[in-house]
Colleague: 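Here it is: the structure, laid out below.
In what follows, every chain begins at residue 1, and chains take the letters A, B, ... in the order their sequences are listed. Heavy atoms only: backbone and side chains are in, while hydrogens, waters and symmetry mates are out.
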Amino acid sequence: MSGMPPSLAPAAKPGAKPATRRVAESRDQADRARLDAAMRGFISDFGPEAAVYMEACLHCGQCAEACQFYVETGDPKYTPIWKIEPFKQAYSREMGPFAPFFRAFGLTPKVTLGELEGWQELLYDSCNMCGRCSLVCPAGIDIADLVEKARHGMFEAGLVPGDYLGALAGKEQETGNPFGISREDVRRALLEIGRSHGVEMHVDEPRAAVVPTVSSIDLKMYPASIAATARVLNHVGASWSFRTDGFDADNVSLTAGDRTGQRLVTEAIVDAATRCGAEVLIMPECGHSYTEMRWEAANTVGHALPFRVLHMSEYLAECLDAGRLKLRPVTPDPEGRGVTFHDPCQLSRRSGRSDAPRKVMAALGLDLHELADHGADSWCCGGGGGVALINRARPLRDKAFAIKRRQVADTGAGTVIVSCTGCRQTFEHGFKDAGGETGVGSLLDLVAGQLEEDGKTP
Amino acid sequence: MKPRDTLGQKLAGYGISRRALLKFAAAAATSLALPPGVAPAIAESLSGARRQSLIWLSFQDCTGCLESLTRSDAPGIERLIFDFISLDYQETLMAAAGAAADETLVRAARDNHGKYLLAIDGSVPTAEGGVHSMVGGRTNMDMLAELAEGAAAVLAIGTCAAYGGIPKAAPNPTSAVGIADLVKEKPIVNIPGCPPIPEVLTGVLVNFLTFGRLPDLDDLGRPLAYFGTTIHDQCYRRPYYDQGKFAHSFDDEGARQGWCLFELGCKGPTTRNACASLKWNGGTSFPIQSGHGCLGCSEPDFWDKGSFYTSLSGGEGPPWDAVGGAAAVGLGIGGAAAFAARRSRAAVDRQLAKEWQRDHGATATSKTEEDGP
Amino acid sequence: MTLLDFARGPALYWSTLIMVCGLVWRLAGVALLPFRPDRSAAGPQSRGRVRGALGTIVSRSLPRRTFLARTFATVVVGYAMHLGLLIILLGGAPHILLVAQATGLSWPSLPKGVVALASAVTLVTLVFVLVRRCTHPVLRLLSNFDDFLSIVLTLVPVATGILLAEETVLPYRTLLTWHILSVEAMMIWLPFGKLSHVVFVFAGRAVSGAKLGKRGATT
Amino acid sequence: MDERDPFLNALMGEVRMLLSRLLDDGGPGQIDLMRLPMPPERRQDLQDMLGRGEVEITLDAAGTSLIRETAYAGVWWIEHRDRGGRMVANLIEVAQMPAIVPPTDEEMRASLAALHARDMKEAGR
C-alpha cells in the first residue's frame, strides 16, 4: 500500500472519470479484447482459495437442490456451479496447475464471447449470491464467492445486463449513490425527513462516535426508516451523525461486478467514518453492503478498520444487552396470527448473526413463528445480489419467490418481519404480484415505534 | 514280441499279481483325475503295454529332481513303472562310465529312434555357444538338438528344464533357457517343481504307456491333471483365508492356530501344482502344512518375483526416496504452474492499477503491491 | 515377464510415483498462488480459522437436515459407496497387507463376508451413480468425460476385486493381474481428474470453513 | 460332527443313486474320495455315517488293502495302501463284490492247471 493512510487521502475528485466509460468503450472493443478483459477481471484477486474451489467440484449437482431458481423452475441451467462454467473453463486454461497442458492440447475449448453473453442471465438474473449452495456443497465450494469473481469478468467484458444495473453502478461512482443524488440534496433530504417526522437529525457533524449509513432506496421509498434510525440513535444517547460524504451503503457496483466502483464506495464510507472518529459504523438493513464493509473493506483499503462495523440489528441487540435500549412490548394482534421473520442471507448465513434480530424481536415480545427454513438455512427472498435491480428478471424472481411465499403461508403468520431494505422491497413486490395479503414490516421501524421513553428526549 | 516285453509279464515275473496291478491302476486313475471306473481298463492296457525306452539327460541341474524321484524311502508300486521303463541312459544312476556310457547312449538312441522318451532335468546354457555345461566334450545344446530329433516326446523334468529355473534367475550369466525354448518340433511336457512331485512323472508315464500319448497340457505345457488348480484352491488352510484369519508372523498365535499364510508371502494363489493334494514324502506333508508358505517353485521365474515373504498383493512399490522424488518433481511443476499464474495475475493487477491511477490519480491506495510476486 | 509381474513391478512403481507427483503438482499449483491476508476483524462468535477449517472438514461429511429432503438419493448413495470403499480398502486383508508392507502399519482385517457385502453394495451404487449421471438433467448438464472416466476407473477395480475374491469366471492369477492393473489405472488418473476429490473436498471444506469460521457463521 | 454338512449329504445322495443304479443292473460304481476335499475330520464323519457291515477283507498285494462292507449292503469302503503303508487310493465302491476281490476265470484256470500239475507230480512219485 502507499504511504498515505486512506483516511487522509482526498475524496474522489468530482472530475474523476467514472467506470461507465469503460462499459461504454467496451461495446466497441473487439471481441478478443473484451474476452481478454473478462479473463483479466476474473483472475485478478484470484488466490489459492478460489483455486481450491475450482479444483474441488465433484459435479455432484447438490447445489442445484439448494438454489431456489432451480428448485422452482426445474431448469438444470440454474444449477449454481453451472453459472460459472465458462470461468471454470477459463481457469483450467489460464490459471490451473495443468493450464499449460489444457492450452497445449486444447483439452478445454477457449471460452467465446457468445458463451459469456449466454451466461449473462445465469450470472446476474438468476443468482442472489445468497450462499445457500455454498452451504450444501460437500466440497465446501463457496459458489457465491466465485459468482462474484465471475461478475468481475463479465463487467470487464461489458456484459452487465440491461442499462439499469450498469447505469446505477455508474451513478454510484459519480455521486456515491446509485440514484445520482448530490451531497447537498442528500443533506437537504435528511434534514427534511427529520423535520417531517419530528426527530432530531444529525448530519455531517465533525465528530461522531456512531455513523449510520442507509440505502438511498430508503431515502425515496422508506423515509420513515431513516427517521427510525435517528430516533433509535437519539434514544440510546449515542453521539452520532450521518455523513453525506459516506452515506449510501448500497454498493450496487459490487453486485454489478465493477471493482472500481466497489472500491470507491467502500473507501468513501471508510474515509468518512474515519474522519469523524467513529467507533461504530452501522450498516443499514441491507445485505451485500454489510458483508462488503464487515468482511472485505479492511482488505480493500489495506489495513484494519479503526471502527467496528455492525449491522443495524447487531447494534440494536448490543444496545439491548447494555441496557441502553428500552422497548415496550408490542400489542398482540387481535387475530393472534403472530409474525414470522425473514433472515437476510448476508447477515444470517454468511456472517453467522441470526441471533441478533431474534434478540430484538424477543425484546419486542413478538409472537415469532419461524419459517421451516430459517437462520443459516433460510431461502433468499430472490432479490439479492442485484437481481432486484434487473427489470427483465422480475418474472423469474417471482417464480423463485414462490418458495418463500409458501413457507411464510405455512407459518400462518400475518406479517413478515424483514431487516433488509432489499428484502423488504422484494417481499412487497412478490406479495403484490402473487396477490397475497401478508404484511411486510421492518424490524427497525418496529423498534422505533416501541421505544420506552424514560423522561429523556421525547 | 517277446513275452517279457509286456508289463504284465514283467510284473508276473516279479510276483506282482493282477490285484496289485489293479490296485496301482486305481491309484493312477486317482492321481490322473480319471474316473475311478477306468482303473480296470488302465490295468489291462498297462498289462499289455510294451517296454518303453527312456533316455535321461542331466544338464545345468543340481540333481535334486532325480533325488526327489528316486529317493522314495518305501518304494511304492510306482517304483515298478520305473523298473518297467528301460532307463537306457542316466549318468547318475547307470553303472557304465566314460566311453562305455557314451556308447550306451548312442546305441539306445539308434535302436529306439523315433520311439524313445527323452527326459531332461536342468536348464540349457546358451551363452558363448553353450560351453558352460558340457558332457564328454559336447555342449548340452548339441546333445539336446541331436537326441530330441529322435525322441517320441520330451519330458522337461523340474523347473530348470521346464522354464530355466534358478540358473535363469537374474542376472542369468549363462543365458540359461528351458527346453521349450530350444525344442520346437517335438511334443514337450513340462513337469515343473523344485523338485517336481514324483507321482506326477509316474502319472505322465502311465498316461503315455496306457494311451500312447502325452496327457492334456495347460498353456505352460504342464499336465492339467496335476496343474489344473492352484495350491490355494486345494489348501486345507483355505477356510481361514475365506474367514480373513491370517498368521502375521511365523511365531504368532495365528501361525500356531494354523491360519492362512497369505500374509507371510504364500504364493499358493498363483501357483499351480498338486502339492496340497498329493503331498510329499509318501503323503506326509507339504510346505504349507509344515508352516511355511508356498514359494511358487513350479511357476516360471519364481526366483525373480521378489521376496518369498512378500505377500502377493504387495508387489514391488517404489521406495520412499522415489516417492519423495516424485513429490519434489510435483512440487517443481506445480510451483512453476503457480508461478506462471502469479505472473499473469500480477500483469493484470499492474494494468488495473495503471488504469486506476489514470482514472483516479492520487486516490490510489494501491492494493496491488502487497501481494507477493 | 508376465503381465502379472509387470502389474506388480514397474506398473505399480510408476503409477504410485505418477499419483504422488500429480497430486503434489496440483496441490502446489493452487497453494502457491498469491495469498492475500485477511485484515477484517473476527466476528463476535468467531471460532477462528483453524477450528472453522477442521470443523467444516467434519461437518460437511454430515448432511444438513434442511437439504436432505431434496438430496436424499445423492447422500445415501454417496455414503453407501464411500463407506463401502472404505471397508474394502481398510478391512480387506490383502489391502491391509499392502499397507503393512509399504509402511509397517497393520490392523486386523474384517471377515471376508463383510468385505464381500461392502463390495457388492459399492458396485451396485457405482452402477447407480453411472446411470444417474446419464439420466438426471442436472448431472447430464454438468458431466464431462472426466466424470464418467472417474466412475468407470473406480468401478472396474471393485468389479475385478469381487471376481478375484470369489475366484469365479477366470483364474485367480488373471483376475489378480487385471485387478492390480485397474487399480493402477485409477491411481494414474487420480491426480488429474475428478478422483482428486480425495484431497480437494477436504481442501475446499478447509478453505471455506476457515473463512466462515472466522466470521462465526454456520459452516 | 455336523449332521448337516451339505457336502457329505451330497455324497450320500450319490451313494444312494449308485446303489439304485446297481439294482437296475446299471453295473458297479465308484467314488474316488482322494480327489475330493477330505480333511481327516470329514473323512471320519463319512465313515461314521456309512457305518460298518459284517464283511471285512484284507488284501495283501504290493501293500495292504482294506475292503470293508459298510452298514449299507453293497456299499464298500476301500483303502489301498502301498508297501510303505501310504494310502494310494480311497474309494467307495458300490457293487455286489469289489472287482478286485474275486479271482478271474483265467486265474482259476491257472490255479486248476497248477493243482493238476501237483497231482501229476504226486502220482508220479
Colleague: So which of D:Ile100, D:Asp60, D:Leu59 has the largest heavy-atom pair count under 4.5 angstrom toward chain B?
Modeller: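 Heavy-atom pair counts peak at D:Ile100.
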Colleague: Would you confirm whether the ring centroid of D:His80 sits within less than 6.0 angstrom of the ring centroid of B:Phe24?
Modeller: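 Between B:Phe24 and D:His80, the centre distance exceeds or equals 6.0 Å.
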Colleague: A quick test of your reading: do over 12 heavy atoms of other residues, nucleotides or ligands sit less than 6.0 Å from CD of B:Glu44?
Modeller: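 Not buried by this count: 12 neighbours or fewer within 6.0 Å.
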Colleague: In this structure, are over 12 heavy atoms from other groups packed under 6.0 Å from D:Arg16 atom CZ?
Modeller: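 For D:Arg16, atom CZ is not crowded (no more than 12 foreign heavy atoms under 6.0 Å).
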Colleague: Side chain, backbone, both or neither: which part of D:Ile31 has an atom under 4.5 Å from a heavy atom of chain B?
Modeller: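 When you check distances to chain B, only backbone atoms of D:Ile31 fall under 4.5 Å.
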Colleague: Under a 4.5 Å cutoff for heavy-atom pairs, which residue among D:Gly29, D:Ser65, D:Gly27 has the most contacts with chain B?
Modeller: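 Heavy-atom pair counts peak at D:Ser65.
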Colleague: Name the region of D:Pro98, side chain, backbone, both or neither, that has any atom closer than 4.5 Å to a heavy atom of chain B.
Modeller: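 Neither part.
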Colleague: For the residue pair B:Trp259 and B:Tyr240, does the interplanar ring angle fall in the parallel (under 30°), tilted (30 to 60°) or perpendicular (over 60°) class?
Modeller: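 Plane angle between 30° and 60°, so tilted.
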Colleague: Go through the atoms of B:Ala25 and report whether side chain, backbone, both or neither lie under 4.5 Å from a heavy atom of chain D.
Modeller: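 Contact with chain D is absent: no heavy atom of B:Ala25 under 4.5 Å.
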Colleague: Assess the side chains of B:Gln257 and B:Lys245: does a donor N or O sit below 3.5 Å from an acceptor N or O?
Modeller: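 No, because no side-chain N or O of B:Gln257 sits under 3.5 Å from a partner of the opposite role on B:Lys245.
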Colleague: If I measure from the heavy atoms of chain B, does D:Glu93 come under 4.5 Å with its side chain, its backbone, both, or neither?
Modeller: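 Interface part for D:Glu93: neither.
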Colleague: Check D:Glu56, D:Glu54, D:Glu79 against D:Arg68 for a salt bridge (Lys or Arg N to Asp or Glu O under 4.0 Å) and give me the one that passes.
Modeller: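 The salt bridge (Lys or Arg N to Asp or Glu O under 4.0 Å) with D:Arg68 is passed solely by D:Glu56 among D:Glu56, D:Glu54, D:Glu79.
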Colleague: Which bit of D:Pro28 comes within less than 4.5 Å of chain B, counting heavy atoms only: side chain, backbone, both or neither?
Modeller: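 No part of D:Pro28 comes within 4.5 Å of chain B.
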Colleague: Let me know if D:Leu91 has heavy atoms under 4.5 Å from chain B in its side chain, its backbone, both or neither.
Modeller: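 D:Leu91 touches chain B through side-chain heavy atoms alone.
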